[in-house]
Amino acid sequence: MKKNKGKAGSTAEKEFVFEFRAGKHNCVLKVPLQFPVQENISDLHGRLMLLHKIPCYVENELKALLSNFIENETIQDYDREAELALQRLTTGDVDVNQLTNMWTRSYVETTLEHARPEEPSWDEDFASVYHELIHSPASDTLLNLEHNYFVSISELISERDMEIKKLHERQATEMDKVMNELGNTLSDQDVNAVASQHFDAQQVLENRWASELKQVTGIQKQEYQEWVVKLHQDLQKSNNSSKINEEIKVQPSQLSELAHSGARMFEEQPQLEESFTIHLGAQLKTMHNLRLVRADVLDFCKHRRHGSSGAKLQRIQAALSLYSSSLCGLVLLVDNRVNSYSGIKRDFATVAKECTDFHFPCLEEQLEEVQQVVLYARAQRSSKQKEQPEIPKNGGDDKSKNVERNTSNILPGNITARDPAIMGLRNILKVCCTHDITTVTVPLLLVHDMSEEMTIPWCLKRAELVFKCVKGFMMEMASWDGGISRTVQFLVPKSISEEMFYQLSNMLPQIFRVSSTLTLTSKH
């Protein structure tokens with residue numbers, strides 16, 4: 001049913017009268033109504049039937065008369081307001097020119113054919129230009145430029161760390177001298193004064209370097225985006241791109257390894273990986289790719305200064321899918337505080353600052369936006385909970401208090417398929433479906449580091465639960481996105497043994513009923 005709307009500024013009370021017979025008695029129903037009526041007619045009719053115990057055989061008649069009464073009285077109110085408006089226009093109380101300008105502006109703003117076409121923003125232009133260039137022979141040129149910028153930032157960060165380290169060493173020496181004189185020539189107030197001076201000096205130094213890094217990354221981002229647009233224009237003018245590709249070359253010392261020593265620049269634990277192909281679905285089956293990988297979660301985010309061919313291939317793959325409908329996602333397990341000051345969030349923030357982001361806002365700006373969304377969602381959730389009646393549950397209050405006290409979203413204990421961590425994983429996969437993320441990396445054991453209590457039976461039980469839940473969620477994906485092929489990478493910590501890794505790799509095909517298997521054992 002339609003809701004009758006009118007001006008909220010002027011209201012009037014009118015009486016609705018309804019006569020009907022109940023047996024041998026003539027009954028009259030009189031109801032005062034406020035016009036304009038803001039209520040739904042069906043709701044108003046239902047309340048009248050219930051409150052006044054109206055017989056059901058006059059229900060339709062009452063509803064018809066009530067609707068006609070409200071409609072006629074509303075039209076009469078509109079007509080009176082229109083007559084008064086015309087009188088004010090005739091007597092000159094209203095400026096005709098101002099009125100026609102308002103009508104013209106409203107018509108133009110609400111009519112599509114008169115609306116101005118939306119001008120593409122700088123971000124949209126840059127996105128289309130970058131996407132075109134990265135799929136052209138100029139892709140090496142872009143990656144070389146990005147690497148040069150990364151090297152300069154890395155050198156700046158190394159200089160910062162060295163200066164901060166020297167300051168800490170100098171302050172530690174000064175504090176040792178002060179502590180040795182404590183009680184002789186110096187008092188507690190003197191020690192506190194020196195500690196305060198050290199803290200202020202640290203803050204000044206860190207703020208200076210933070211400001212310098214912010215300025216340098218801002219300049220790099222502006223130069224990079226302008227250079228990409230100029231390169232695109234030059235390529236459009238000239239079909240020969242070989243000369244342009246020679247403009248930027250990475251210095252051999254930056255990417256080469258120590259060939260004369262016969263050793264690698266750095267030695268890492270071998271990365272184990274196994275790939276599987278599965279078909280999921282009841283009637284229409286969809287092919288998906290699964291990978292089991294042993295690696296550090298932040299290895300997928302780092303830009304290596306002395307990279308191998310595998311690291312460069314990973315960068316190229318990320319660049320090719322950047323502005324496309326085939327994005328990549330990584331699940332990072334953090335606590336429930338939206339910041340970057342503790343735990344793996346701090347490590348991730350450090351990695352993010354090592355290289356200028358040429359495409360998106362910095363991590364701090366993104367976290368601020370997330371914070372605003374979280375506050376809004378929390379306010380909406382609180383308002384809904386206040387509207388709903390409280391239903392007492394045994395132990396419910398204690399459980400909610402424990403969740404609030406806990407600073408970690410996921411604990412390394414036993415969990416079930418209805419645990420918030422598993423349901424959060426389902427929500428992540430649903431977001432992947434709605435935002436074109438076709439490759440997602442998930443920590444299989446729902447932890448990033450191993451501890452003593454994580455025994456082999458514990459790992460197998462946790463992995464089996466996650467495998468089965470993810471399989472169920474992937475089967476749901478067919479109803480979410482119509483059945484799109486996806487790649488899910490299950491990540492296990494580096495500290496896990498090879499024996500444990502192969503036990504997990506044997507469990508995966510049994511649960512997912514794998515169609516084919518591709519085993520890869522690679523090293524960086």
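We're numbering straight along the sequence, starting at 1. Note that these values count all heavy atoms, side chains included, but never hydrogens, waters or copies made by symmetry. Predicted model only: the values in this text are computed from it and were never measured.
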Quick check: do [X] and [Y] have side-chain heavy atoms less than 4.5 Å from each other?
X	Y	value
Trp227	Thr141	yes
Leu133	Leu231	yes
Asp347	Val351	no
His131	His135	yes
Phe348	Cys301	yes
Asp419	Met423	no
Phe490	Val293	no
Leu292	Leu444	yes

Heavy-atom neighbours of [X] [atom1] exceed 12 at 6.0 Å:
X	atom1	value
Glu369	CD	no
Tyr341	OH	no
Gln380	CD	yes

Nearest 0.5 Å, what's the [atom1]-[atom2] distance between [X] and [Y]?
X	Y	atom1	atom2	value
His288	Phe512	NE2	CZ	10.0 Å
Leu156	Asp161	CG	CG	10.0 Å
Ile134	Tyr323	CD1	OH	11.0 Å
Thr439	Arg486	OG1	CZ	9.0 Å
Phe358	Leu145	CZ	CG	6.5 Å
Ile278	Met287	CD1	CE	10.0 Å

Practice task
For this output row, return yes or no: ring centroids of His303 and His147 closer than 6.0 angstrom.
Solution key: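 For His303 and His147, the ring centres are under 6.0 Å apart.
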
Any donor-acceptor pair under 3.5 Å from [X] side chain to [Y] backbone:
X	Y	answer
Ser154	Phe150	yes
Arg294	Ile496	yes
Ser196	Asn192	no
His435	Val431	yes
Ser211	Asn207	no

Completion exercise
Glu169 meets the side-chain contact (heavy atoms from CB on, under 4.5 Å) criterion, sequence neighbours left out, with Lys165

Exercise for the section: Decide side-chain contact (heavy atoms from CB on, under 4.5 Å) for Glu159 and Met162; before the verdict, give the C-alpha distance in whole Å, the side-chain angles of both, and the deciding distance to 0.1 Å. Expected result: CA-CA 5 Å; Glu159 185 180 350; Met162 183 61 66; 5.8 Å; no

Shortest non-hydrogen separation from [X] to [Y] and the atoms involved:
X	Y	answer
Glu452	Thr455	O-CG2, 4.2 Å
Ser485	Thr286	N-CG2, 3.9 Å
Pro493	Leu445	CD-CD1, 4.4 Å
Leu322	Leu327	O-CD2, 3.2 Å
Val331	Val297	O-CG2, 4.4 Å
Lys221	Asp357	CD-O, 3.5 Å

Problem - CA sep, side-chain torsions, deciding dist, call: Asp335, Lys345, salt bridge (Lys or Arg N to Asp or Glu O under 4.0 Å) - result: CA-CA 9 Å; Asp335 56 42; Lys345 294 183 297 183; 2.6 Å; yes

Handout entry: Gln197-Gln171 side chain donor-acceptor pair, cut-off 3.5 Å
Key = no

Practice task
Go through the side-chain N and O atoms of Glu453 and Ser451 and say whether any donor and acceptor fall under 3.5 Å apart.
Solution key: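 Checked: Glu453/Ser451 side chains pair up, N/O donor to acceptor below 3.5 Å.
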
Completion exercise
Sorted by chain and number, sequence neighbours left out, side-chain hydrogen bond (donor to acceptor under 3.5 Å, both in side chains) with Ser326 holds for Thr438

Problem - Steps toward salt bridge (Lys or Arg N to Asp or Glu O under 4.0 Å) verdict (Arg208, Glu163) - result: CA-CA 12 Å; Arg208 179 173 65 83; Glu163 190 171 345; 2.6 Å; yes

Going by an N to O cut-off under 4.0 Å, is there a salt bridge joining [X] and [Y]?
X	Y	result
Glu364	Lys353	yes
Glu464	Lys468	yes
Arg160	Glu206	no
Lys494	Asp299	yes

Handout entry: Trace of the side-chain contact (heavy atoms from CB on, under 4.5 Å) decision for Val442 with Leu491
Key = CA-CA 6 Å; Val442 179; Leu491 188 67; over 6 Å; no

Exercise for the section: Show the numbers, then the answer: is there a side-chain contact (heavy atoms from CB on, under 4.5 Å) between Ile422 and Arg426? Expected result: CA-CA 6 Å; Ile422 298 296; Arg426 177 182 181 272; over 6 Å; no

Exercise for the section: Quick one: sort the Tyr224 and Tyr149 rings into parallel, tilted or perpendicular, breaks at 30° and 60°. Expected result: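 Tyr224 vs Tyr149 ring planes: perpendicular.
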
Exercise for the section: Carefully, step by step, assess Phe473 and Lys430 under the rule side-chain contact (heavy atoms from CB on, under 4.5 Å). Expected result: CA-CA 8 Å; Phe473 300 153; Lys430 193 168 186 178; over 6 Å; no

